[in-house]
Each structure stands twice: as structure tokens, then as C-alpha cells.
Amino acid sequence: MLEEAMTAIAEDGLAALTMSALAERLGTSGGHILYYFGSKDRLLLEALRWSEEQLTGERRALLGRRVTAARKLDQYLELYLPQGPRDPRWTLWIELWARTASNEPLKAAQEEIDESWQRDLEALLAKGVEQGRFTPMDVAGRASELLALLDGLSTRVVLGQRGADRAGALRQARSAAALLIPAP
């Protein structure tokens with residue numbers, strides 16, 4: 001169900017994803033989907049969690065590679081940024097960000113996912129500093145700054161803002177990373 005929800009979002013956009021439309025795609029009933037998820041918010045959250053679990057596996061594999069810290073950071077940036085406009089994972093993020101202010105379970109889940117990205121980036125930066133590949137820094141602060149920048153670049157790409165595409169966002173992310181996380 002979650003994979004099909006992500007496919008539907010990628011094909012038709014989030015606005016077109018209704019319980020009945022998803023049920024039709026799956027050959028079941030909207031009531032059946034509601035039985036498992038209870039609400040569209042819960043379905044969206046579980047779809048995002050499912051997607052993020054896949055990315056967590058990729059991110060952890062990336063962190064375990066035997067490449068330089070700078071190369072790992074570059075691969076981290078590539079993994080973080082959306083594939084392009086209407087990237088389903090990022091479309092879900094944007095939708096859920098808009099809903100978190102009034103929904104504590106969504107807010108808690110969003111923070112949990114964000115913290116995972118933060119911890120992994122901090123570990124990458126700390127190891128780079130320890131190996132002498134990066135200049136000593138406030139690792140947590142720099143990771144937070146870089147993630148905020150990546151969120152902004154990603155949002156612009158997903159919304160299809162003029163001049164915003166994956167290649168440009170990646171160039172900007174690399175430029176910012178070089179300034180925030182310099183080599184010695």
C-alpha cells in the first residue's frame with residue numbers, strides 16, 4: 001500500500017491522492033485502507049517512514065564506505081536532495097511540514113526522522129575532523145546549518161520554482177558545504 005501511495009504521488013501529485021483513488025489502484029476499498037491507517041495523515045506519515053527507511057539503509061551504507069570524508073559528504077548531499085519536481089518523498093515532507101504545527105504525532109515523527117539525518121551527518125563530519133579532512137568546527141551546529149540549507153534547496157526543486165533543478169541545487173549545496181565545512 002505504501003509503495004503504491006508513493007507511486008501515485010509521483011504520478012498524479014499529492015492533491016490527487018485520496019483514499020478512494022488509492023483503493024482503486026490497489027483493487028480494494030477505501031474502508032480497507034482506513035482500517036489499517038485510520039486517516040490520510042497517518043497513511044502519508046507511514047508512506048514517508050517507509051521511504052525514509054529505504055534512505056536510511058542507503059545512508060548507512062554510504063557512511064560505511066571506505067572513501068574520503070569529502071566524498072562521503074558529497075554522496076550525502078546527492079542522497080538528500082530530491083530527484084526533481086514532484087519527488088514523492090519530498091512532496092510528502094512538504095505536506096507534513098504544513099500539518100505538524102497542529103498535529104503532535106506528525107511533529108514527533110518528523111523530528112525523529114530529521115534527527116536521524118542530523119546524527120548521521122554529525123558522525124560524518126566528526127569523523128572527517130578526527131581524520132584531519134575537515135577543519136575543526138561545531139559539528140552539531142554545522143550539520144544543522146547544512147541541513148536547513150538542503151531543506152530550502154529541496155523545497156525549491158520540488159515546487160518547480162523557476163531556475164531550481166536538481167543539478168543546480170547540488171551545485172549550490174556543494175558550494176555551501178565547501179564554505180561551511182572547509183578542508184584544513
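All heavy atoms count here, side chains included; hydrogens, waters and symmetry mates do not.
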_Donor-acceptor contact below 3.5 Å, side chain K72 vs main chain L124_ = no
_side-chain contact (heavy atoms from CB on, under 4.5 Å), that's the test. Do L96 and Q110 meet it? Break it down for me._
CA-CA 8 Å; L96 292 175; Q110 175 257 319; 5.9 Å; no
*Any chance you could lay out the side-chain contact (heavy atoms from CB on, under 4.5 Å) test for E122 and R142, step after step, and finish with the verdict?*
CA-CA 8 Å; E122 286 178 18; R142 291 295 165 91; over 6 Å; no
*Give a yes-or-no answer on whether the side chains of Q75 and R65 include a donor-acceptor pair shorter than 3.5 Å.*
yes
*Is there a donor-acceptor contact under 3.5 Å from the side chain of T135 to the main chain of P182?*
yes
*Sub-3.5 Å donor-acceptor pair from the side chain of S51 to the main-chain atoms of A47, do we have one?*
no
*To the nearest 0.5 angstrom, please state how far the CG atom of L48 sits from the CG atom of L43.*
11.0 Å
_Is it the case that the side chain of Y76 and the backbone of L62 share a donor-acceptor pair, with hydrogens and angles ignored and the cut-off at 3.5 Å?_
no
*Same hydrophobic cluster for L2 and Y35, using side-chain heavy-atom links shorter than 4.5 Å among ILVMFWY?*
yes
*With a cut-off of 6.0 Å (strictly less than), are more than 12 heavy atoms of other residues, nucleotides or ligands near CD of E145?*
yes
_Within-4.5 Å side-chain heavy-atom neighbours: D120 and L63_ = yes
*Rounded to the nearest 0.5 Å, what separation is found between the CD atom of Q161 and the CG atom of L153?*
10.5 Å
*Side chain of R89, backbone of E52: donor and acceptor closer than 3.5 Å?*
no
*Could you please spell out the steps behind the side-chain contact (heavy atoms from CB on, under 4.5 Å) verdict for L146 and I181?*
CA-CA 9 Å; L146 185 56; I181 306 156; 3.8 Å; yes
_The test is side-chain hydrogen bond (donor to acceptor under 3.5 Å, both in side chains); show your working for Q118 and D114 and say whether it passes._
CA-CA 6 Å; Q118 174 86 20; D114 280 349; over 6 Å; no
*asked:* Between L106 and L45, is there a side-chain heavy-atom distance shorter than 4.5 Å?
replied: yes
*State, yes or no, whether a side-chain contact exists between D87 and L81 at a heavy-atom distance under 4.5 Å.*
no
*Between M1 and E46, is any pair of side-chain heavy atoms under 4.5 Å apart?*
no
*Evaluate the side-chain contact (heavy atoms from CB on, under 4.5 Å) criterion for residues Y80 and D151: first the C-alpha distance (whole Å), next the side-chain angles of each, then the deciding distance (0.1 Å), finally the verdict.*
CA-CA 9 Å; Y80 196 94; D151 286 345; 2.4 Å; yes
*Heavy-atom count around R166 CZ within 6.0 Å, excluding the residue itself: above 12?*
yes
_Which residues share a ring-ring contact (aromatic ring centres under 6.0 Å, His included) with W97, sequence neighbours left out_ = W90, W93
Name the atoms and distances for all side-chain donor-acceptor pairs under 3.5 Å in residues 167-174, with sequence neighbours left out.
{"from": "R174", "atom 1": "NE", "to": "D74", "atom 2": "OD1", "distance (Å)": "2.4"}
{"from": "R174", "atom 1": "NH2", "to": "D74", "atom 2": "OD1", "distance (Å)": "3.3"}
{"from": "R174", "atom 1": "NH2", "to": "D74", "atom 2": "OD2", "distance (Å)": "3.1"}
{"from": "R174", "atom 1": "NH2", "to": "E78", "atom 2": "OE2", "distance (Å)": "3.0"}

_Side-chain touch L149/L180, heavy atoms, less than 4.5 angstrom_ = no
*Do S116 and R59 have side-chain heavy atoms sitting under 4.5 Å apart?*
yes
*Only one of L79, T56, L150 clears side-chain contact (heavy atoms from CB on, under 4.5 Å) with W117; which?*
L79
*Close side-chain approach of L73 and L121, heavy atoms under 4.5 Å*: yes
